[in-house]
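In what follows, chains are A, B, ... by sequence order, proteins preceding strands, each numbered from 1.
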Amino acid sequence: MACWLMKSEPDECSVEDALAAPNATVPWVGVRNHQARNFMRDAMRVGDPVLFYHSSCAVPGIVGTARVASAACTDPTQFDRSSRYFDPSSRPEQPRWLMVDVQVIRKIPTITLPQLRARPELDGLGVLKKGNRLSITPVSESHWRAIVAGLG
DNA sequence: GCCAACGTTGGC
DNA sequence: GCCAACGTTGGC
């Protein structure tokens, strides 16, 4: 079992949006990076713990805990011409992009980037690395424990 | 809006 | 296969 941090733009799908969805579960569509896709395809398992992260917004940070709720499957938005995630070079007989379902477990008070950086035990957390752009990053078990400890 | 970092594209 | 140009991400 691995732990993960998954970025979402709250304008697109916030943790509140996900909580309001049926079963608090949303399809994690729109991943268009091969490395992130390969994590979903090769390493994610149903039940893996997830940190829900808000990016490209006023207060970026970890905003909730969640779990992987499905195996990787074809991301339908790659074939949807009206979607911002449409990929004209992806063929239905050989889909290029995958998604998983993500089920929010709970919303937490936002843990901001400065708050995360202030904790030496979180050194090396993927989202804190300079230049990090990956929308899905693995989280070590010790980092996971440190982050969720004391959430009450 | 700026800009660093990084991925992708395409000419050669 | 190299690499310059370009596009995107994402914090600030």
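- Listed by chain and number, the residues in a side chain to side chain contact (heavy atoms under 4.5 Å, CB included) with Ile147(A) are Leu51(A), Ile62(A), Ile111(A), Leu122(A), Leu125(A) (sequence neighbours excluded).
- When the P atom of dT8(C) is taken as reference, atom CZ of Arg84(A) falls 11 Å away, rounded to whole Å.
- Nearest nucleotide to the side chain of His34(A), out of dG11(C), dC6(B), dT8(B): dT8(B).
- Rounded to a whole Å, the NZ atom of Lys129(A) is 17 Å from the C1' atom of dG10(C).
- Per the geometry, CG belonging to Asn132(A) stands 13 Å off C1' belonging to dA4(B), to the nearest Å.
- His54(A) has no side-chain polar atom (N or O) that falls below the 4.0 Å cut-off from OP1 or OP2 of dG10(C).
- When rounded to the nearest whole Å, the span between CZ of Arg133(A) and P of dA4(B) equals 14 Å.
- Phosphate contact (OP1/OP2 of dA4(B), side-chain N/O of Lys130(A), threshold under 4.0 Å): absent.
- Checking the phosphate oxygens (OP1, OP2) of dG11(C), a side-chain nitrogen or oxygen of Tyr53(A) falls inside 4.0 Å.
- Computed from coordinates, the Arg37(A) CZ to dT8(B) P distance equals 10 Å when rounded to whole Å.
- Protein atom CG of Asp87(A) is 18 Å distant from nucleotide atom P of dG7(B), rounded to whole Å.
- In this structure, Asn38(A) atom CG and dG7(B) atom C1' are separated by 14 Å, rounded to whole Å.
- Between Leu113(A) atom CG and dC12(C) atom C1' there is a gap of 10 Å when expressed in whole angstrom units.
- Qualifying ring-ring contact (aromatic ring centres under 6.0 Å, His included) partners for His54(A), counting only residues two or more places apart in sequence or in other chains: Phe52(A).
- With hydrogens and angles left out, the side-chain atoms of Asp80(A) and Thr77(A) include no donor and acceptor closer than 3.5 Å.
- Side-chain N or O atoms of Asn38(A) include none that pairs as donor or acceptor with a backbone N or O of Gln35(A) at under 3.5 Å.
- Side-chain proximity of Ser56(A) to the nucleotides dG10(C), dG7(B), dC12(C) is greatest for dG10(C).
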